[in-house]
Amino acid sequence: MKTIALVAPALRLFRILAVARLVRAARVARGLRMLRLVSSLNRGMAALGSSLGRRGFAYVMMLSFIVLLAGAAGIYGFERGAVPQGGIDSYGTALWWTAMILTTMGSDYWPKTAEGRILCVILALYAFAVFGYVTATLATYFVGRDAADSDAPIAGQDAIDALREEIARLREDLHALRPLPARGAAKGSGE
């Protein structure tokens, strides 16, 4: 009887380990859900990219809209119920949070689950890349527009004008030296 009393608490430890394994399996299942979401988004982005072809800016804007919707669904799925009050408790709140992350403005709420944090990092990296792309596209547009306008001031225009004047003076000097002897005339008499 005493042996059973000594062994019973040790057997409870096995129950605790089984519960811990079950919790760990649930976390792995949530991680697999995120992996499945990202892989299906990747296939969708590839199809969207091939359909839009060379319209790069339109592709990036459409892709950003899809990332906004999918990111909101992901963060809502991962963070729903993680914090009893004040967390992400609706898709609208998740959509607002994702929009703030994608515009690099940040938010009052930061994810509490590991999956939510990973998704937050992915969204932030995407936002930085897209912000750089949009900035470069706008700069290219404005520089191209100014280059097409013949009356628009060009950066370094004074230096270009100075170079043109120098080239004109060099041409004048070359024309002044024009009557040079032919190549064969200088060699011919000594041979």
Side-chain angles (χ1 to χ4, degrees), residues 34-75 92-111 114-191:
M34 184 170 133
L35 181 65
R36 187 175 42 176
L37 173 73
V38 169
S39 67
S40 67
L41 280 176
N42 191 24
R43 286 190 303 266
M45 287 180 228
L48 181 63
S50 66
S51 69
L52 287 176
R54 291 189 43 91
R55 296 181 201 112
F57 190 73
Y59 169 72
V60 169
M61 289 300 107
M62 182 89 74
L63 180 62
S64 296
F65 183 70
I66 291 171
V67 167
L68 173 71
L69 296 177
I75 203 70
T93 305
L95 196 61
W96 174 255
W97 180 86
T98 306
M100 291 299 101
I101 293 298
L102 288 180
T103 57
T104 66
M105 293 177 71
S107 173
D108 295 346
Y109 178 81
W110 295 105
E115 297 87 359
R117 290 176 179 167
I118 291 170
L119 182 59
C120 180
V121 168
I122 291 170
L123 289 172
L125 290 174
Y126 175 82
F128 286 131
V130 167
F131 183 75
Y133 176 79
V134 169
T135 302
T137 301
L138 289 173
T140 302
Y141 169 75
F142 288 120
V143 168
R145 195 179 85 190
D146 285 346
D149 186 7
S150 61
D151 294 334
I154 298 174
Q157 185 65 42
D158 294 336
I160 292 172
D161 290 340
L163 285 173
R164 284 185 180 157
E165 290 174 16
E166 181 70 24
I167 291 170
R169 276 186 260 135
L170 286 173
R171 282 189 182 156
E172 290 173 6
D173 290 344
L174 283 175
H175 286 300
L177 297 173
R178 189 111 171 132
L180 292 176
R183 287 187 185 185
K187 286 185 186 178
S189 59
E191 290 180 28

Might you point out which heavy atoms bring Ala94 and Ala72 nearest each other, and give the distance in Å? CB-O, 3.3 Å
Non-neighbouring partners of Leu119 that pass side-chain contact (heavy atoms from CB on, under 4.5 Å), sequence neighbours left out: Ile75, Phe78, Leu123
Shortest non-hydrogen contact from Ile101 to Ala127? O-CB, 3.6 Å
What's the separation between atom CG in Leu125 and atom CZ in Phe128, rounded to the nearest 0.5 Å? 7.5 Å
Across all chains, not counting sequence neighbours, the side-chain contact (heavy atoms from CB on, under 4.5 Å) partners of Glu165 are Arg169
So do the side chains of Leu102 and Phe65 get within less than 4.5 Å of each other, counting heavy atoms only? no
